[in-house]
Amino acid sequence: MLLINPPVAKPCEPPAGVARLAGALLSRGIRCRVWDASLDGLLWLLGEPLAASDTWSRRALRHREAHIESMRNLRTYTSPDRYRRSVVDLGRILDLQGRSRGAAITLGDFQQEPFSAVRSDGLLAAAGNPEANPFFPLFSRRLEKLLGEGDSSVGFSLNYLNQAACAFAMIGFIRRHSPRTAIILGGGLVTSWLQRPEWQSPFTGLVDEMVAGPGEAILLARAGGFSQGDPTTTPDYSQLPLDDYLSPGFVLPYSAASGCFWNRCSFCPETAEGNRYRPIPVSRVMTELKDLVCRHRPALVHLLDNALSPSLLSGLANSPPGAPWYGFARFTPELADPDFCRDLAASGCVMLKLGLESGDQGVLERMDKGIDLALAATVLENLRRAGIATYVYLLFGTPAEDEAAARRTLEYVRRHHEGITFLNLALFNMPLGSPEAAIYGSGAPSRDDLSLYTPFNHPSGWDRPRVRRFVSGEFGRDPIVAAILRRDPPLFTSNHAPLFLPPLLPKEGGT
Ligand code: SF4
């Protein structure tokens, strides 16, 4: 079995999904190989010959090796300007390479017309014309070699829209080159497709199996290595090129649960798709994490859960994993205890990502977010005092919000800005299948048959253009908000944000 992470996903850490699948297969003695085609593809494209006509492009090309190395050096993260220059210059090279091949490519995005990732005819066209994909010279060569070595099935882990067109181009190539190879598609994006109301696969004949949720049991069953019991095992990163990612040291991604323990927010795709909460027992998480940390000595642990449960946070506080860590949490009463926050900091917690969404209590209640704004203020202050940075997520334009409520969010951020290290601002998209879609959905027909969202009419006329103007204007230009937004690492955002924090930065004289 060959497991592939297709381009383009941010090249800052290895793919957790394929590592967990590899762990399940290898621990049962089933042959399996892993290829991070996204990392390979981006590094290959960055190194390809390119003619540059302007000063910026020539500078970027001249320094490309140095920029790649500087992204892997912690010293760079002491200088946000130097970091920014590397990210922007590498982005420039990818942009030029993409344009010369008919695509828009960045370090975290991929788009190519007419191979739209939200339309099945776009993805079928990508499969029918793999030569048109910018990564074709690389993946055709690699796949020919890998498939010639005897793998009878290939699994693609498809988590982001940016990966879909390249995944289907690779699938089209495999179908042509090796028609008997079984092709299995899984990952977060595929799970969302399969949960769409009235889903009928447009990919029959091209893809042999599509898997919703964790894929271990299905892959093991196909390989004849599993009948019952718990199919999960510790992720196996041993086949991934851990030194090649664009981060200063190995960032170890680890998922302790799929789904969400709260699972109630009305705007959230997890709720709309009815994804079940499947946590790994805390004691096992702690053992696995310590084992992985001991084996790989990561610079940072990235906990991938939608929201770390209070019991897992307690587990981490009581039994530190042995490396700095960060992840998503909810504003829960446990974090209103200053001692608990200090214990978390002592356990290595350097940053918590927190979905606040709104600074208006009525909006939060109508969304069933389960946040009390007074408690959230206490949490922000406790985390600040404990030395834990925060990455706060805000969501504008929900049906529950109007302009006055959005202004209250601005006021809340201004009032509590000392506890907010980083900010993420997002505009609301209405998930298909959510209860609100039935009320506010516009019913407008769409050619985007794979889209996970539906157009809607805002009940108070607080529509997207107005929301966008507010967010980029009054909100984003507020001096306090703007100062927070300026801290955000370009492109890599929360993935690299912890690396700019004092606990991770080198001490004077270090490297
Ligand atoms: S806490 Fe986060 S993941 Fe969970 S339901 Fe709410 S928005 Fe979704």
Side-chain angles (χ1 to χ4, degrees), residues 77 80 251 260 262 265 268 300-310 312-314 316-317 320 324-361 364 369-396 408-426 471 475-476 478-490 492-505:
Y77 296 72
V251 178
C260 168
W262 177 253
C265 305
C268 176
L300 181 66
V301 174
H302 178 190
L303 297 171
L304 303 168
D305 300 28
N306 284 313
L308 298 169
S309 67
L312 180 52
L313 286 174
S314 294
L316 289 158
W325 61 271
Y326 77 104
F328 253 114
R330 285 179 48 77
F331 285 100
T332 52
E334 291 78 7
L335 294 173
D337 174 356
D339 289 337
F340 185 65
C341 293
R342 276 193 288 273
D343 290 347
L344 282 179
S347 79
C349 177
V350 288
M351 185 177 93
L352 286 180
K353 302 199 279 180
L354 295 150
L356 178 68
E357 322 304 355
S358 171
D360 181 283
Q361 192 62 51
L364 291 171
K369 182 71 195 172
I371 288 179
D372 175 80
L373 282 174
L375 181 127
T378 307
V379 170
L380 291 173
E381 177 60 11
N382 287 348
L383 294 173
R384 185 186 72 77
R385 284 175 189 244
I388 297 174
T390 59
Y391 206 112
V392 173
Y393 287 67
L394 298 176
L395 186 60
F396 294 92
R408 284 191 278 280
T409 300
L410 174 56
E411 276 319 301
Y412 190 87
V413 171
R414 288 175 59 84
R415 208 170 324 126
H416 302 291
H417 70 96
E418 288 186 343
I420 300 174
T421 322
F422 302 100
L423 264 180
N424 177 285
L425 313 180
V471 171
F475 191 91
D478 178 274
I480 290 176
V481 172
I484 300 175
L485 292 175
R486 272 198 297 277
R487 286 183 207 133
D488 203 29
F492 289 97
T493 65
S494 64
N495 289 92
H496 275 173
L499 300 162
F500 287 86
L501 300 169
L504 275 109
L505 288 178

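The first residue of the sequence shown is numbered 1, and numbering continues consecutively from there. Keep in mind it's a predicted model, so treat the numbers as computed, not measured. Side-chain atoms are counted along with the backbone in the values below, which use heavy atoms only and exclude waters and symmetry mates.
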Notebook entry, point to check: Can you find a heavy atom in the side chain of F475 that is under 4.5 Å from one in the side chain of V413?
Noted result: yes
Checklist line | Exercise: identify the closest heavy-atom pair between A317 and D343 | finding: CB-CB, 4.0 Å
Check: Taking side chain as C-beta onward, heavy atoms only, is L380 less than 4.5 Å from V392?
Finding: yes
Next item on the list: Flag the pair R414 / D478 as yes when at least one side-chain heavy-atom distance between them is below 4.5 Å, and no otherwise.
Entry: yes
Note to self: Less than 4.5 Å apart, side chain to side chain, heavy atoms only: is that true for L356 and L373?
What the structure shows: yes
Next item on the list: Apply the test side chain to side chain contact (heavy atoms under 4.5 Å, CB included) to residues N495 and V251: give CA-CA distance (whole Å), side-chain angles for both, the deciding distance (0.1 Å), then the verdict.
Entry: CA-CA 9 Å; N495 289 92; V251 178; over 6 Å; no
Margin query: Show me the pairs that pass side-chain hydrogen bond (donor to acceptor under 3.5 Å, both in side chains) and involve residues 373-390, at least two apart or across chains.
Written below: E381-R384, E381-R385
Item checked: Minimal non-hydrogen separation, C260 against N306, with atom names -> CB-CB, 4.2 Å
Check: Which heavy atom in D360 sits nearest to a heavy atom in S358, and how many Å separate them?
Finding: N-OG, 3.0 Å
Notebook entry, point to check: Under a 4.5 Å cut-off applied to non-hydrogen side-chain atoms, are Y393 and S494 in contact?
Noted result: yes
Next item on the list: Start with the C-alpha distance between D488 and F500, add both sets of side-chain angles, then the distance that settles side chain to side chain contact (heavy atoms under 4.5 Å, CB included), and finish with yes or no.
Entry: CA-CA 10 Å; D488 203 29; F500 287 86; over 6 Å; no
Margin query: Between Q361 (side chain only) and I371 (backbone N and O only), is there a donor and an acceptor less than 3.5 Å apart?
Written below: yes
Checklist line | Closest heavy-atom pair and its distance - L313, A329 | finding: CD1-CB, 4.3 Å
Margin query: Going by the rule ring pair (Phe, Tyr, Trp, His ring centres under 6.0 Å), which residues pair with F331 if we only count those two or more places apart in sequence or in a different chain?
Written below: none
Next item on the list: Measure the NZ-CG distance between K353 and D305 for me, rounded to the nearest 0.5 Å.
Entry: 11.0 Å
Check: With sequence neighbours left out, what residues match F422 under ring pair (Phe, Tyr, Trp, His ring centres under 6.0 Å)?
Finding: Y391
Check: Can you tell if the side chain of F492 reaches within under 4.5 Å of the side chain of L499, non-hydrogen atoms only?
Finding: no
Note to self: In the structure I gave you, are the side-chain heavy atoms of L316 and L303 within less than 4.5 Å of one another anywhere?
What the structure shows: yes
Note to self: How close do P324 and V350 get, counting heavy atoms only, and between which atoms?
What the structure shows: CB-CG1, 4.1 Å
Check: Does the side chain of T493 come within less than 4.5 Å of N424's, by heavy atoms?
Finding: no
Check: Who are the ring pair (Phe, Tyr, Trp, His ring centres under 6.0 Å) partners of Y412, not counting sequence neighbours?
Finding: H416
Notebook entry, point to check: For the residue pair Y326 and H302, does the interplanar ring angle fall in the parallel (under 30°), tilted (30 to 60°) or perpendicular (over 60°) class?
Noted result: parallel
Margin query: Treating S347 as the side-chain partner and P320 as the backbone partner, does any N or O pair qualify as donor plus acceptor under 3.5 Å?
Written below: no
Checklist line | Distance (rounded to the nearest 0.5 Å) between R415 CZ and I420 CD1 | finding: 10.5 Å
List the atom pairs, with distances to 0.1 Å, where a side-chain N or O of residues 334-341 and a protein N or O form a donor-acceptor pair under 3.5 Å, not counting sequence neighbours.
residue: E334; atom: OE1; partner: T332; partner atom: OG1; Å: 3.0
residue: D337; atom: OD1; partner: D339; partner atom: N; Å: 2.9
residue: D339; atom: OD1; partner: R342; partner atom: NH2; Å: 2.5

Check: Considering all heavy atoms of both residues, which atom of A482 and which atom of G476 are nearest to each other, and what is their separation?
Finding: CB-O, 3.5 Å
Next item on the list: For residues 387-396, pull every pair meeting salt bridge (Lys or Arg N to Asp or Glu O under 4.0 Å), keeping only residues two or more places apart or in separate chains.
Entry: none
Next item on the list: For R330 and K369, indicate whether the former's side chain and the latter's backbone hold a donor-acceptor pair under 3.5 Å.
Entry: yes
